[in-house]
Novice: 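Submitted below is the structure of interest, expressed as structure tokens.
As the structure is a prediction and not an experimental result, all values here were calculated from the model.
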Amino acid sequence: MYKSIIVGTGPAGLTAAIYLARANMNPLIIEGPQPGGQLTTTTEVENFPGFPEGIMGPELMDNMRKQAERFGAEFRTGWVNSVDTSSRPFKLDVEGIGELVTETLIISTGATAKYLGIPGEQDNVGRGVSTCATCDGFFFRNKEIIVVGGGDSALEEANFLTRFASKVTLVHRREELRASKIMQDRARGNAKIEWALDRTPLEVVASEQGVTGLKVRNNKTGEEELIEASGVFVAIGHHPNTGFLNGQITTDANGYIVTTPGTSETNVAGIFACGDVQDTRYRQAITAAGSGCMAAMDAEKYIESLEHSPVTL
């Protein structure tokens, strides 16, 4: 029986682990196939407070893990197949470990960025391919960039990237955009944004130094074209990693966990959510870490309330 189990080891889960471990709650952290989350695929992180010269994403995550371990957090590797939330204590079926039982559960499984699935894309993540303009835009100052997508997030990223880039080309496979009219008007009015609509991405082209462009097919003519650029930002959405919950926790229409405003509480007492799995707006390492702190403090308070509850005879 654990007092608290944390599922996920990104900034949110590791921050929750640090706080719970320091509170002598001996949390168990279950890490999946990508320990450290999305930051392990990032090169230099310059917007996390406390590192004036920046820090490599994997190093930041490794430091946070070591900090949690220092205070007594336990880490085990496994894949959570299912969670039984029907009664407390909660039961987890974890592939590679077996059944685990816990008084509280913190879900910090994050959200996975959707990729195009074309040649050259995964090979160049961190070498010019990115899914986060806020994280990586600074590295493309005075360079030409491509943004792939047609929704609000794509146009928002395109507008943001014009702060750094000399030119941003928006590539979308259809002639019509899915973005709201106000976002389209804003992007259309930005002189730094050029348009490559009705074009299907085929391949990310790169050299030894990194990305050099994106090969696309003109859907009207059928001809292949090469759009030269130093970076390709894929902005076609994210999907939260909540499948293992099997609908037992309330989520929004897109699958993100719904929490009580101002807290990390879910609809099930004793289960908390933090990080990108419940954040549809900010999705930053620092906001994830902050919500991890909230989840740990909420879990600790919940356990204290159980320990002080009167016993009915």
Novice: Step through it carefully: locate the ring centre of Phe139, locate the ring centre of Phe164, and say whether they are under 6.0 Å apart.
Specialist: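 No: the rings miss the under 6.0 Å criterion.
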
Novice: Taking side-chain contact (heavy atoms from CB on, under 4.5 Å) as the test, write out the residues that go with Ala21, two or more places apart.
Specialist: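 Listed in chain order: Pro27, Phe71, Ala73.
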
Novice: Between Ala196 and Ile227, what is the shortest heavy-atom contact and its length?
Specialist: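 For Ala196 and Ile227, the tightest heavy-atom pair comes out as CB-CD1, 3.9 Å.
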
Novice: So which atom in Ile286 and which in Pro49 form the shortest heavy-atom distance, rounded to 0.1 Å?
Specialist: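 Minimum heavy-atom contact is CD1-CD, 3.7 Å.
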
Novice: Ignoring hydrogens and angles, tell me if any N or O in the side chain of Asn218 forms a donor-acceptor pair with the backbone of Thr221 under 3.5 Å.
Specialist: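 Looks like yes, one N/O pair under 3.5 Å.
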
Novice: With a 4.5 Å heavy-atom cut-off, do Arg76 and Leu100 have their side chains touching?
Specialist: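 Side-chain contact under 4.5 Å: yes.
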
Novice: Under 4.5 Å between side-chain heavy atoms, hopping through other hydrophobics if needed: is there a path connecting Val125 to Val232?
Specialist: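 Same cluster.
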
Novice: Are the side chains of Thr169 and Lys167 in touch, meaning some heavy atoms are under 4.5 Å apart?
Specialist: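 Side chain of Thr169 against side chain of Lys167, heavy atoms only: contact under 4.5 Å found.
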
Novice: For a 4.5 angstrom cut-off between non-hydrogen side-chain atoms, does Gln284 reach Cys132?
Specialist: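 A side-chain contact under 4.5 Å exists here.
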
Novice: Working note: Leu202 + Glu224, criterion side-chain contact (heavy atoms from CB on, under 4.5 Å); need CA distance, chi angles, decisive distance, verdict.
Specialist: CA-CA 9 Å; Leu202 300 176; Glu224 294 186 1; 3.7 Å; yes

Novice: Indicate the atoms forming the closest heavy-atom contact of Ile6 with Ser108, along with that distance.
Specialist: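 Minimum heavy-atom separation between Ile6 and Ser108: CG2-OG, 3.6 Å.
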
Novice: Hydrophobic cluster membership, with links at side-chain heavy-atom distances under 4.5 Å among I/L/V/M/F/W/Y: are Val234 and Val216 in one?
Specialist: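 Linked, Val234 and Val216 end up in one cluster.
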
Novice: Leu197 and Leu170: side-chain contact (heavy atoms from CB on, under 4.5 Å), yes or no, with the steps?
Specialist: CA-CA 7 Å; Leu197 303 181; Leu170 191 130; 4.2 Å; yes

Novice: Is it the case that Thr162 and Asn190 place a side-chain donor and acceptor less than 3.5 Å from each other?
Specialist: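 A donor-acceptor contact under 3.5 Å links the two side chains.
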
Novice: For Asn142 and Ser166, which I'm curious about, is there any donor-acceptor pair between the side chains at under 3.5 Å?
Specialist: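 Ser166 and Asn142 do not have a side-chain donor-acceptor pair below 3.5 Å.
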
Novice: According to a 4.5 Å side-chain heavy-atom criterion applied to Ile, Leu, Val, Met, Phe, Trp and Tyr, with indirect links allowed, do Met25 and Leu105 form part of one hydrophobic cluster?
Specialist: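 The answer is no; the residues belong to distinct hydrophobic clusters.
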
Novice: When rounded to the nearest 0.5 angstrom, what is the spacing between CD in Glu157 and CG in Asp136?
Specialist: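 It is 9.5 Å, given to the nearest 0.5 Å.
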
Novice: As an exercise, state the distance from NZ of Lys3 to CD1 of Ile5, rounded to the nearest 0.5 Å.
Specialist: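 Atom-to-atom, Lys3:NZ and Ile5:CD1 are 14.0 Å apart.
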
Novice: Kindly compute the distance separating CD (Glu121) from CD (Glu203), expressed to the nearest 0.5 Å.
Specialist: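 Answer rounded to 0.5 Å: 11.5 Å.
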
Novice: State whether a side-chain donor-acceptor pair under 3.5 Å links Asn241 with Thr109.
Specialist: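 On atom types as modelled, these side chains do not qualify, holding no pair under 3.5 Å.
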
Novice: Begin with the C-alpha distance, continue with both residues' side-chain angles, and end with the deciding distance and a verdict on side-chain hydrogen bond (donor to acceptor under 3.5 Å, both in side chains) for Asn254 and Thr280.
Specialist: CA-CA 9 Å; Asn254 295 315; Thr280 62; over 6 Å; no

Novice: Is Asp84 reaching over with its side chain to a backbone N or O of Phe90, donor-acceptor style, under 3.5 angstrom?
Specialist: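 Here the side-chain-to-backbone pair does not exist.
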
Novice: Does atom CZ (Arg188) have a neighbourhood of more than 12 heavy atoms from anything else shown, all under 6.0 Å?
Specialist: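 Yes - once you tally the heavy atoms of other residues, nucleotides and ligands closer than 6.0 Å, there are more than 12.
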
Novice: Take Asp93 and Val80 through the side-chain contact (heavy atoms from CB on, under 4.5 Å) test and state the conclusion after the steps.
Specialist: CA-CA 6 Å; Asp93 176 27; Val80 180; over 6 Å; no

Novice: Output yes when Glu223 and Arg217 qualify as a salt bridge under the 4.0 Å nitrogen-oxygen rule, no when they do not.
Specialist: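 No, this pair does not count.
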
Novice: So, Asn124 side chain and Gly128 main chain: donor-acceptor pair closer than 3.5 Å or not?
Specialist: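 Judged by distance alone, no pair lies under 3.5 Å.
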
Novice: So, do Tyr2 and Glu103 sit near enough that their side-chain heavy atoms are less than 4.5 Å apart?
Specialist: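 No, every pair of side-chain atoms sits at 4.5 Å or beyond.
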
Novice: Do you know the tightest heavy-atom contact between Gln122 and Tyr115?
Specialist: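 It is NE2-CG, 3.3 Å.
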
Novice: Tell me yes or no: between the side chains of Asn219 and Thr200, is some donor less than 3.5 Å from an acceptor?
Specialist: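 Judged by distance alone, the side chains do pair up.
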
Novice: For a quick test of reading the model, state the closest non-hydrogen atom pair linking Thr250 to Asn267 and the distance between them.
Specialist: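 The answer is N-OD1, 2.8 Å.
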
Novice: When you group the ILVMFWY residues by side-chain heavy-atom contacts below 4.5 Å and let the links chain together, are Leu28 and Tyr19 in the same group?
Specialist: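 In one cluster with Tyr19: Leu28, no.
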
Novice: I'd like to know if the side chain of Asp279 and the backbone of Gly275 have a donor-acceptor N/O pair within less than 3.5 Å.
Specialist: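 No.
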
Novice: Quick one: does Val148's side chain get under 4.5 Å of Leu214's, heavy atoms only?
Specialist: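 Touching, per the 4.5 Å side-chain cut-off.
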
Novice: Within the structure provided, determine whether Ile146 and Val211 are in side-chain contact (heavy-atom separation under 4.5 Å).
Specialist: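 Contact flag for Ile146/Val211 side chains = no.
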
Novice: On the 0 to 90° scale, with breaks at 30° and 60°, tag the Phe51-Phe48 ring pair as parallel, tilted or perpendicular.
Specialist: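 Correct class here is tilted.
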
Novice: Strictly distance-based, threshold 3.5 Å: is any side-chain N or O of Asp152 a donor or acceptor partner for the main-chain N or O of Ser180?
Specialist: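 Present.
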
Novice: Using a strict threshold of under 4.0 Å (side-chain N to carboxylate O), is an ion pair present between Arg186 and Glu156?
Specialist: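 Result for this pair is no, no salt bridge flagged.
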
Novice: For the residue pair His238 and Ala113, what are the closest heavy atoms and their distance?
Specialist: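 The answer is CD2-CA, 3.5 Å.
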
Novice: Does the pair Thr104 and Ser4 meet the rule for a side-chain hydrogen bond (donor to acceptor under 3.5 Å, both in side chains), with working shown?
Specialist: CA-CA 5 Å; Thr104 62; Ser4 187; 3.1 Å; yes

Novice: Do Ile106 and Leu20 come within less than 4.5 Å of each other through their side chains, counting heavy atoms only?
Specialist: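 Answer yes - side chains close enough.
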
Novice: Using 0.5 Å steps for rounding, measure from the CD atom of Glu74 to the CD atom of Glu69.
Specialist: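 Going from the CD atom of Glu74 to the CD atom of Glu69 covers 10.5 Å.
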
Novice: Going from CG on Leu177 to CD on Gln184, what distance comes out if it is rounded to the nearest 0.5 angstrom?
Specialist: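 Reported value, rounded in 0.5 Å steps: 4.5 Å.
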
Novice: Can Val277 be reached from Val94 by stepping across I, L, V, M, F, W or Y side chains whose heavy atoms are under 4.5 Å apart?
Specialist: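 In one cluster: yes.
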
Novice: Start with the C-alpha gap between Ile107 and Phe244, add the side-chain angles, then the distance that decides, and say whether side-chain contact (heavy atoms from CB on, under 4.5 Å) holds.
Specialist: CA-CA 11 Å; Ile107 303 168; Phe244 68 98; 4.1 Å; yes

Novice: Could you check whether any side-chain N or O of Arg127 sits under 3.5 Å from a backbone N or O of Ser207, counting only pairs where one atom can act as donor and the other as acceptor?
Specialist: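 Here the side-chain-to-backbone pair exists.
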
Novice: Answer yes or no: is there an ion pair linking Arg199 with Glu225, defined by an N-O contact shorter than 4.0 Å?
Specialist: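 Judged by the 4.0 Å cut-off on N to carboxylate O distance, Arg199 and Glu225 do form a salt bridge.
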
Novice: Could you tell me whether the side chain of Val101 reaches within less than 4.5 Å of the side chain of Met1, counting heavy atoms only?
Specialist: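 Counting from C-beta outward, Met1 and Val101 do come under 4.5 Å.
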
Novice: Between the main-chain N or O of Thr85 and the side-chain N or O of Gln248, is there a donor-acceptor pair closer than 3.5 Å?
Specialist: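 Present.
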
Novice: Kindly compute the distance separating CZ (Arg178) from CE (Met183), expressed to the nearest 0.5 Å.
Specialist: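 It is 12.5 Å, given to the nearest 0.5 Å.
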
